[in-house]
Amino acid sequence: MTAAVIVFPGSNCDRDAAVAIEQAMGKPPVMVWHRETALPDVDLIVLPGGFSFGDYLRAGALAARSPIMGEVVARANAGVAVLGICNGFQILTESGLLPGAILRNAGLNFVCRTVPMRVENNRSKFTDQYELDEVVHIPVAHHDGNYRAGPDTLDRLEGEGLVAFRYCDDAGEPGDSPNGAARDIAGILNDTGNVLGMMPHPERVADPQLGGTDGAKMFEGLAKVLA
Amino acid sequence: MKARIHITLKPGVLDPQGKAIANALGNLGFQGVDSVRQGKFLEIDLAESDPAKARADVNAMCEGLLANLVIEDYAVEVSE
């Protein structure tokens with residue numbers, strides 16, 4: 001399988017994502033600059049974390065209108081797996097590939113720490129290596145991670161099993177999100193399950209020498225499913 | 001033409017920044033501040049000279065980029 005990582009001005013987790021992908025998949029991803037308008041034939045597209053365009057206007061707003069995004073949206077609509085991490089999640093909501101919007105953290109603090117989150121859906125190609133209700137520990141590092149959507153949208157996400165991850169305590173109980181996100185939502189899938197946006201950074205816990213392997217399972221799972 | 005655009009959070013959308021500003025005003029001794037909502041103001045100079053066309057263009061800009069209609073409303077004024 002082949003993966004692509006999109007690089008925007010201000011992306012800063014693109015190389016971490018590339019390392020995690022290479023470890024799981026055995027070959028490095030194609031790095032694609034945001035000014036490109038074409039993508040090679042790939043099985044996975046990653047929108048990495050960072051602060052694209054300095055978060056000007058709204059986090060992810062300008063990146064979502066970068067030239068490459070037309071092709072990313074077309075591939076996503078054609079069923080290609082798209083993973084948006086942190087700023088990548090913000091870009092996915094801004095581009096309309098995922099519902100809702102992501103606002104400034106409720107506590108106004110930049111939050112940078114490892115948080116527990118519970119696996120709410122382990123039937124997607126991103127999450128099938130996890131157990132349902134498993135508590136995993138993944139770092140967050142963001143100022144704008146407060147996921148918001150209307151009550152109807154939230155009910156639909158919950159009802160259709162599209163909430164992939166929910167912030168929780170170490171025992172798995174929700175109620176203490178780091179950013180005030182609605183219903184403690186940390187990550188959501190699109191209707192067809194091929195687009196995942198999440199605030200926590202699985203690529204930062206994909207190597208035992210760098211703090212943990214809870215995130216490696218996502219890339220290992222993708223390598224198996226997309227092989 | 002010149003367009004002046006106010007972008008505001010929709011009613012009911014949490015505004016932690018506005019809340020912090022309201023608290024700071026209270027700390028400064030300003031009494032009676034019930035709430036603060038923070039928004040954005042943009043000024044755009046346009047080559048277009050027809051007000052109706054300018055307004056239509058700016059509305060499209062708001063819907064396409066400047067406002068996120070999931071959480072924000074916008075209001076446009078167009079002037080010479």
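Chain A is the first sequence line, chain B the second, and so forth, proteins listed ahead of strands; every chain is numbered from 1.
Only the side chain of N146(A) comes within less than 4.5 Å of a heavy atom in chain B; its backbone stays farther off. Looking at I71(B), only its side chain comes within 4.5 Å of chain A, counting heavy atoms on both sides. Both the backbone and the side chain of Q17(B) come within less than 4.5 Å of a heavy atom in chain A. Looking at L57(A), both its backbone and its side chain come within 4.5 Å of chain B, counting heavy atoms on both sides.
Using a distance-only test at 3.5 Å, with no hydrogens or angles considered, no donor-acceptor pair links the side chain of D128(A) to the main chain of N122(A).
Annotation: salt bridge (charged side-chain N to carboxylate O under 4.0 Å, His left out) contacts involving residues 74-97 of chain A, sequence neighbours excluded, comprise R58(A)-E94(A), R65(A)-E94(A), E71(A)-R75(A).
Between D170(A) and H137(A), the side chains place a donor N or O and an acceptor N or O closer than 3.5 Å (distance only, hydrogens not considered).
Taking 4.0 Å as the cut-off between side-chain N and carboxylate O, R156(A) and E158(A) do not count as a salt-bridged pair. The residues K10(B) and D73(B) are annotated as salt-bridged, a charged nitrogen and a carboxylate oxygen being separated by less than 4.0 angstrom.
Counting heavy-atom pairs closer than 4.5 Å to chain B, the top-ranked of the candidates P99(A), A61(A), A106(A) is A106(A).
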